Peer 1: 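Below you will find the structure I want to go over with you.
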Amino acid sequence: MSNINKIKTIFAGTPEFSIPSLKALINDNFFEVVAVITQGDKKVGRKQILTSPAVKIEAIKNKIPVLQPVKIENDLERIKKLKPDIMVFVSYGQIIKQNLLDIPRLGCFNLHGSILPKYRGAAVIQAPIINGDKFSGATIIKMDEGLDTGPIIKQNKIILEPNETSESLYNKISIQGADLLVNALKGYIEGKIKPKNQDDSETTYIPKLKKEDGKIDWSKDALKIERETRALNPFPGAYTKLEDKNLKIKKVSSNILNINKFPFGKIFLYKNNLVIQCGKNALIIEKLQLEGKKEMETKDFLQGHRDIEGKILE
RNA sequence: CGCGGGGUAGAGCAGUUGGCAGCUCGCCAGGCCCAUAACCUGGAGGCCGUCGGUUCGAAUCCGACCCCCGCAA
């Protein structure tokens, strides 16, 4: 088979989320991935070990050239020389301007982790979980200069499970999105799919989550906190303070107790469960992690913390 | 050399004027009971992170290293 007829593709992505899409493009004979663009190596973790992005590692495995520009705008000439037919962006991490969008003959495309136009921006995986939506999903758009504003080629809805977390949804969208991406690109390039413009009136911009966004406000409704706990794990993590120590709330029960007799933040026991009083109703904690310790089941935690009842979380 | 907490039974934790290694849960056996995650009796299970030092004697004091975690980045 000749390479002449393949769609010359440049893939831009960075974290684990991008990997299924990259693999799908590499393994599909319709495309030829001629280069991969990713962010620079970063120092990671407590020991600040210099680590390559997941996408770089996967590209090297497949003997595909890797570019790691500090600013992609400064590398336009090198990209032009590759004469790409398309460029595909999956969680790359840099803003793309018009002068780059104009380079590939057939345009630039993006896998977005929500059902556009509802959530644009950064924390779009988390947003539907926090809001208690029935579904989320993946969207393939043809990129324009706005942030997540380009016309929609294809979408795939995912029903949210009652115990859905950002982590589980992230994985689902990453995997299902890869399939969607390949099908959408083929359909579009073969002229079978006509992109549809987004309705800008139905959008919300979701900013990036910060560390502080994980701090639990116990004065809120237990229902809201339960959703936040699922949305905020694993990053930035839902946490609270127990006597000056960080206490991560890893998992709470979806079975919310109709109890409202304590001040919010108070810990009490109910049928051998560790329960926290919220502003409205109360939450059963199932898994937690105290600073310095590993994540554990609440019943294990209780074995070593007999005097926990009555303490107040901040 | 960024700051700090920790490593003791399968799990969670106590345990420093250095002196027989403990508690709760779980597990195993038996008992009670219409029955039970309840209760009673008995039992197994430890190189106290690793290596070295001090000492008559170290989980405990000193030194080095390994691993886990929080903060910061």
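Per chain, numbering begins at 1; letters A, B, ... match sequence-line order. Remember, predicted model here, so these are calculated numbers, not experimental data. The analysis underlying the following values was restricted to heavy atoms, covering all of them including side chains, and did not include hydrogens, waters or symmetry mates.
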Peer 1: Between B/U16 and B/C20, how far apart are the P atoms? Round to whole Å, please.
Peer 2: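 Rounded to whole Å, the distance is 13 Å.
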Peer 1: Has A/Q94 got a side-chain atom pairing as donor or acceptor with A/I72's backbone, closer than 3.5 angstrom?
Peer 2: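 Such a contact is found between A/Q94 side chain and A/I72 backbone.
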Peer 1: For A/K211, which contact category applies under a 4.0 Å heavy-atom criterion: base, sugar-phosphate, or nothing?
Peer 2: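 Since only primed, P, OP1 and OP2 atoms lie under 4.0 Å of A/K211, the category is sugar-phosphate.
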Peer 1: Taking the C1' atom of each, how far is B/U17 from B/G57, in whole Å?
Peer 2: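 Approximately 16 Å lies between the C1' atom of B/U17 and that of B/G57.
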Peer 1: May I ask which nucleotide in the shown strands pairs with B/U24, Watson-Crick or G-U wobble, both distances under 3.5 Å?
Peer 2: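 Pairing partner, where one exists within any strand: B/A11.
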Peer 1: Categorize A/E297 for me: base, sugar-phosphate, or nothing, with a 4.0 angstrom heavy-atom threshold over every strand shown.
Peer 2: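 It contacts nothing in the nucleic acid.
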Peer 1: A/R306 has a side chain; which of B/C13, B/G70, B/U24 sits nearest to it?
Peer 2: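 For the A/R306 side chain, the nearest candidate turns out to be B/U24.
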Peer 1: Are A/D179 and A/K154 ion-paired here, with the side-chain N under 4.0 Å from a carboxylate O?
Peer 2: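 No, A/D179 and A/K154 are not salt-bridged.
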Peer 1: For the pair made of CD in A/Q303 and P in B/G26, what is the distance, rounded to whole Å?
Peer 2: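 Roughly 8 Å, once rounded to whole Å.
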Peer 1: Please report, rounded to the nearest Å, how far the P atom of B/C25 is from the NE2 atom of A/H305.
Peer 2: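 Distance, rounded to whole Å: 17 Å.
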Peer 1: Going by the side-chain contact (heavy atoms from CB on, under 4.5 Å) test, name the single residue among A/E161, A/Q126, A/E164 that passes it with A/L169.
Peer 2: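 Passing option: A/E164.
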Peer 1: Have a look at A/K248 and say if it touches a base, only the backbone sugar-phosphate, or nothing, with a 4.0 Å heavy-atom cut-off.
Peer 2: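 Since only primed, P, OP1 and OP2 atoms lie under 4.0 Å of A/K248, the category is sugar-phosphate.
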Peer 1: Any luck finding a side-chain donor-acceptor pair between A/D41 and A/Q68 under 3.5 Å?
Peer 2: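 Judged by distance alone, the side chains do pair up.
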Peer 1: For nucleotides B/G49 and B/G12, find the distance between their P atoms and express it as a whole number of Å.
Peer 2: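 Taking atom P in both B/G49 and B/G12, they lie 14 Å apart.
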Peer 1: Between B/C69, B/A11, B/C13, which nucleotide gets closest to the side-chain atoms of A/M296?
Peer 2: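 Per side-chain heavy atoms of A/M296, the pick is B/C13.
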Peer 1: Rounding to an integer number of Å, can you tell me how far A/K287 NZ sits from B/A11 P?
Peer 2: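 Going from A/K287 (NZ) to B/A11 (P), I get 16 Å.
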Peer 1: Whom does B/U16 pair with, Watson-Crick or G-U wobble, provided both distances fall under 3.5 Å?
Peer 2: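 Looking at the geometry, B/U16 pairs with no nucleotide.
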Peer 1: Roughly how far apart, to the nearest Å, are B/A11 and B/G26 at atom P?
Peer 2: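 My reading of the P atoms in B/A11 and B/G26 gives 15 Å.
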Peer 1: Does this structure show an ion pair linking A/K220 with A/D217, if we count only N-O contacts that are shorter than 4.0 Å?
Peer 2: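 So A/K220 does not pair with A/D217 through a salt bridge.
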Peer 1: Tell me the partner of B/G52, counting only Watson-Crick (N1-N3 plus N6-O4 or O6-N4) or G-U wobble (N1-O2 and O6-N3) with both under 3.5 Å; none if nothing fits.
Peer 2: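 Its partner is B/C62.
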Peer 1: Look at the side chain of A/Q277 and the backbone N and O of A/F268, then say whether any donor-acceptor pair between them is shorter than 3.5 Å.
Peer 2: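 A pair under 3.5 Å: no.
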Peer 1: Would you measure the distance from the P atom in B/G42 across to the matching atom in B/C48 and give it in whole Å?
Peer 2: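 About 28 Å, rounded to a whole number of Å.
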Peer 1: Using atom P in both nucleotides, what's the gap between B/A21 and B/A58 to the nearest angstrom?
Peer 2: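 About 11 Å, rounded to a whole number of Å.
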Peer 1: Would you kindly give the NZ-to-C1' distance between A/K294 and B/C13, to the nearest whole Å?
Peer 2: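 Checked: the NZ to C1' distance equals 15 Å.
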Peer 1: Considering only the C1' atoms, how many Å lie between B/G10 and B/C39, rounded to the nearest integer?
Peer 2: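 It comes out at 24 Å once rounded to the nearest Å.
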Peer 1: Without decimals, in angstroms, what is the distance between A/N272 CG and B/U36 C1'?
Peer 2: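 The answer, rounded to whole Å, is 14 Å.
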Peer 1: Between B/C40 and B/U24, how far apart are the P atoms? Round to whole Å, please.
Peer 2: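 So the two P atoms sit 11 Å from each other.
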Peer 1: Using a cut-off of under 3.5 Å, enumerate the N/O to N/O pairs linking the protein to nucleotides 1-7 of chain B.
Peer 2:
residue: B/G5; atom: N2; partner: A/G292; partner atom: O; Å: 3.1

Peer 1: Taking everything shown except A/K280 itself, do over 12 heavy atoms lie less than 6.0 Å from its NZ?
Peer 2: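 At most 12 heavy atoms, drawn from other residues, nucleotides or ligands, come within 6.0 Å of this atom.
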Peer 1: Atom CG of A/D300 and atom P of B/C27: how far apart are they, to the nearest Å?
Peer 2: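 Going from A/D300 (CG) to B/C27 (P), I get 13 Å.
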Peer 1: If we call it a pair only when both distances are under 3.5 Å in a Watson-Crick or G-U wobble match, what pairs with B/A29?
Peer 2: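 B/U41 - that is the nucleotide pairing with B/A29, both distances being under 3.5 Å.
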Peer 1: Starting at atom CZ of A/F235, determine the distance to atom P of B/A73, rounded to an integer number of angstrom.
Peer 2: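 After rounding, the gap between these two atoms is 12 Å.
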Peer 1: Can you tell me the base-pairing partner of B/G4? Count Watson-Crick or G-U wobble geometry only, both distances below 3.5 Å, and say none if there is no partner.
Peer 2: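 Pairing partner: B/C69.
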Peer 1: Return whichever of A/L302 or A/K43 has its heavy-atom-nearest nucleotide of RNA chain B closer to the 5' end.
Peer 2: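 Closest to the 5' end, via its nearest nucleotide, is A/L302.
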Peer 1: If we ignore angles and hydrogens, is there a donor and acceptor under 3.5 Å between the side chains of A/Q98 and A/D102?
Peer 2: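 Yes, side-chain donor-acceptor contact under 3.5 Å.
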Peer 1: Just the rounded figure in Å: distance from P of B/A14 to CG of A/D307.
Peer 2: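 That distance rounds to 10 Å.
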Peer 1: Looking at A/K8 and A/D85, is any side-chain nitrogen of the basic one under 4.0 Å from a carboxylate oxygen of the acidic one?
Peer 2: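 Here A/D85 does not pair with A/K8 in a salt bridge, since their nearest N and O are not under 4.0 Å apart.
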